[in-house]
Undergrad: 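Submitted below is the structure of interest, expressed as structure tokens.
Letters A, B, ... mirror the listed sequences (proteins, then strands); counts begin at 1. FYI, side chains are in, hydrogens and waters are out, and symmetry mates aren't considered; it's all heavy atoms of this structure.
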Protein chains: 2
Amino acid sequence: MKDATLSRREREKLWQRQEMLTAAIGLFSEKGFHNVSMLEIAKRSEFAIGTLYKFFKNKEDLYRSIIVKQADTFHTALTRALNEEDGEIEKLRSYVKIKGAVFMDNVSVVRLYFAETRGASFNIKAGLDKEIREEYELLLQKLTGVFAAGIQKKRFQKIAEPYHLAVSLDSLTNAFLHLWLEAPDEHPYPDDPDVILNIICKGLLVEP
Amino acid sequence: MKDATLSRREREKLWQRQEMLTAAIGLFSEKGFHNVSMLEIAKRSEFAIGTLYKFFKNKEDLYRSIIVKQADTFHTALTRALNEEDGEIEKLRSYVKIKGAVFMDNVSVVRLYFAETRGASFNIKAGLDKEIREEYELLLQKLTGVFAAGIQKKRFQKIAEPYHLAVSLDSLTNAFLHLWLEAPDEHPYPDDPDVILNIICKGLLVEP
DNA sequence: GCAAAATGTGACGACTAGTTCACAGTTTAA
DNA sequence: TTAAACTGTGAACTAGTCGTCACATTTTGC
């Protein structure tokens with residue numbers, strides 16, 4: 001733990017900061033950046049407005065902190081999933097599984113994350129978008145590599161460009177997460193990753 | 001044409017309304033609902049602010065008009081694509097093709113449409129979301145029906161639930177449109193619908 | 001050609017929300 | 001104990017936008 005060497009005061013400030021972030025995450029994910037005021041965040045976190053500004057330069061900075069940290073969590077977990085497993089199919093399975101787990105552990109931020117990564121982001125002036133996108137693109141490249149390797153080793157058929165396959169798998173998992181987000185009971189994210197993977201892995205057409 | 005029986009004045013008002021909408025579409029799709037002011041829309045459309053309010057109840061109403069009309073265009077075109085063709089595979093091909101065509105004809109609204117249909121919409125208080133979602137769900141049902149029919153006729157293998165297949169195809173086309181939106185030259189939306197369809201239709205795995 | 005009706009205008013009122021800052025309260029160290 | 005440093009506070013300042021409305025301009029009908 002990195003708190004080990006921190007003074008009591010420093011730990012308290014870190015804790016306060018987290019309180020503010022938690023309050024802000026809840027509000028932003030309910031109503032979106034523009035429909036949440038700093039006063040609301042102050043109220044919910046039980047600090048004064050002025051105190052918020054001691055911790056964050058401004059509203060945008062507060063929002064960025066949330067998104068950047070969360071995007072990092074997501075991308076790190078997924079990159080590790082792709083690194084740790086052996087074998088292309090196992091890597092894909094792990095990707096689908098871990099993505100479900102990590103996203104479902106962070107429901108309230110997922111909406112914000114989607115908003116930022118899907119070009120529908122009109123929240124931040126500029127830059128954040130790019131920042132996250134680059135990390136995201138790196139992850140896609142990693143995934144592309146898995147498909148390319150599978151094809152090269154003749155384990156996969158080249159049914160599409162590796163990059164397109166990567167984008168597709170990412171988009172499919174997003175779609176399932178989106179369904180789950182809307183109606184968790186009606187559309188649970190599948191426990192078995194093959195429910196999603198089969199859509200790519202098995203052929204729909206009867207005759208080849 | 002429905003203008004046939006309208007007076008010159010009425011046609012002019014319709015035209016003026018369109019001018020306002022066009023200006024608004026451009027601005028909204030560049031900067032999003034909350035980062036565009038009525039004054040800006042007035043300036044760009046070369047009307048006075050007051051005039052905007054003669055045509056639209058308020059800013060939200062203006063935004064709704066754009067989204068609802070566009071969503072309707074999209075859904076109508078796609079539903080027709082699924083109705084007109086014969087044969088399941090041909091229906092799917094038509095869906096992918098028409099979706100590309102219609103969306104690429106309406107670049108600037110596509111971002112807004114995506115924002116509204118993907119749960120990342122924090123623009124409108126409430127309702128619009130639902131309004132569009134229902135139409136969208138109907139389209140998905142139609143698409144589900146195509147997959148279900150194909151499976152029933154033993155033309156398709158049941159690699160996943162028909163509804164999941166529908167969601168998947170929709171999500172894949174969106175992903176390709178998204179790539180194109182970001183970098184039209186680098187990632188053109190494929191002319192041949194099979195580039196997208198193969199991802200579902202052909203099996204990735206070598207041994208079945 | 002003219003008065004009445006319809007239409008277009010933009011300054012202005014009312015309000016909201018982001019940010020600042022002087023001060024009060026609290027902790028620290030001698 | 002006490003003074004200096006630090007921290008938290010929220011009233012007040014500022015900027016900017018939505019939506020209105022009395023008035024100017026244009027169109028219409030006679």
Side-chain angles (χ1 to χ4, degrees), chain A residues 5-67 122-128, chain B residues 3 5-28 30-67 122-128:
Chain A
T5 75
L6 298 180
S7 69
R8 206 219 72 221
R9 202 72 239 289
E10 285 168 318
R11 269 179 287 129
E12 182 174 342
K13 291 198 75 176
L14 232 55
W15 182 80
Q16 290 177 324
R17 191 187 141 96
Q18 193 51 51
E19 288 283 296
M20 293 173 189
L21 287 174
T22 305
I25 287 171
L27 286 164
F28 283 142
S29 87
E30 281 165 31
K31 316 203 278 174
F33 182 77
H34 288 288
N35 297 316
V36 171
S37 71
M38 290 299 267
L39 189 66
E40 267 179 289
I41 300 174
K43 284 257 171 67
R44 184 177 287 198
S45 59
E46 293 174 79
F47 288 98
I49 277 212
T51 316
L52 288 189
Y53 282 91
K54 290 273 157 73
F55 286 76
F56 303 96
K57 204 167 85 259
N58 52 37
K59 190 181 169 187
E60 203 169 301
D61 182 45
L62 172 51
Y63 187 77
R64 290 170 88 96
S65 305
I66 293 170
I67 302 295
F122 299 119
N123 297 325
I124 290 308
K125 316 280 180 210
L128 168 54
Chain B
D3 304 15
T5 77
L6 299 178
S7 70
R8 205 220 71 219
R9 202 73 239 288
E10 284 169 318
R11 270 178 286 130
E12 181 172 343
K13 289 197 76 175
L14 232 55
W15 182 79
Q16 289 177 324
R17 193 186 139 95
Q18 194 51 52
E19 288 282 295
M20 292 172 189
L21 286 173
T22 306
I25 288 172
L27 286 164
F28 283 141
E30 281 164 30
K31 317 202 277 175
F33 182 76
H34 288 288
N35 297 316
V36 171
S37 71
M38 288 301 264
L39 187 67
E40 266 178 291
I41 299 174
K43 285 259 171 68
R44 185 178 288 199
S45 59
E46 292 175 80
F47 288 98
I49 276 214
T51 314
L52 289 189
Y53 282 91
K54 290 272 159 70
F55 284 77
F56 304 96
K57 204 166 86 261
N58 52 37
K59 190 180 168 185
E60 202 169 301
D61 182 45
L62 173 50
Y63 186 78
R64 289 171 88 95
S65 305
I66 292 170
I67 302 295
F122 299 119
N123 296 326
I124 290 308
K125 316 282 180 211
L128 168 55

Undergrad: Report yes if at least one side-chain N or O of A:Gln16 is closer than 4.0 Å to OP1 or OP2 of D:dG8; otherwise report no.
TA: yes
Undergrad: Report the C-alpha separation of B:Gln16 and B:Thr51 in whole Å, then their side-chain angles, then the decisive distance to 0.1 Å, and conclude whether the side chain to side chain contact (heavy atoms under 4.5 Å, CB included) test is met.
TA: CA-CA 10 Å; B:Gln16 289 177 324; B:Thr51 314; over 6 Å; no
Undergrad: Rounded to the nearest Å, what distance is computed from the CE atom of residue A:Met38 to the P atom of nucleotide D:dA12?
TA: 20 Å
Undergrad: In terms of side-chain heavy atoms of B:Lys54, which of C:dA11, D:dG8, C:dG8 is nearest?
TA: C:dG8
Undergrad: Using whole Å, report how far CZ of A:Phe56 lies from C1' of C:dT20.
TA: 18 Å
Undergrad: What nucleotide among C:dT7, D:dG19, C:dT9 has an atom nearest to a side-chain atom of B:Lys13?
TA: C:dT7
Undergrad: Would you please classify the geometry between the A:Phe47 ring and the A:Phe55 ring as parallel, tilted or perpendicular, with 30° and 60° separating the classes?
TA: tilted
Undergrad: Taking atom C1' of D:dT17 as reference, at what distance in whole Å does atom CG of B:Asn35 sit?
TA: 12 Å
Undergrad: Are A:Tyr53 and A:Met38 packed together at the side-chain level, in the sense that at least one heavy-atom pair is separated by less than 4.5 angstrom?
TA: yes
Undergrad: Quick one: A:Leu27 CG to C:dA17 C1', roughly how many Å, whole number?
TA: 15 Å
Undergrad: Is the shortest side-chain heavy-atom distance between A:Arg17 and A:Lys13 below 4.5 Å?
TA: no
Undergrad: Would you mind telling me which of D:dT20, D:dT9, C:dT9 lies closest to the side-chain atoms of B:Ile49?
TA: D:dT20
Undergrad: Hey, does A:Ser37 reach any base, or is it just sugar-phosphate, or nothing, if we go heavy atoms under 4.0 Å?
TA: sugar-phosphate
Undergrad: What's the CG-C1' distance between B:Leu39 and C:dC12, to the nearest Å?
TA: 13 Å
Undergrad: Measure CD/B:Glu12 against P/C:dA6 and give the value in whole Å, please.
TA: 16 Å
Undergrad: Is it the case that the ring center of B:Phe33 lies less than 6.0 angstrom away from the ring center of A:Phe122?
TA: no
Undergrad: Can you tell me which nucleotide in C:dT19, D:dG19, C:dG10 comes closest to the side chain of B:Lys59?
TA: D:dG19
Undergrad: Give the rounded distance in Å between these two atoms: CG of B:Leu62 and C1' of D:dT17.
TA: 15 Å
Undergrad: Tell me: CD of B:Glu40 to P of D:dC18, nearest whole Å?
TA: 9 Å
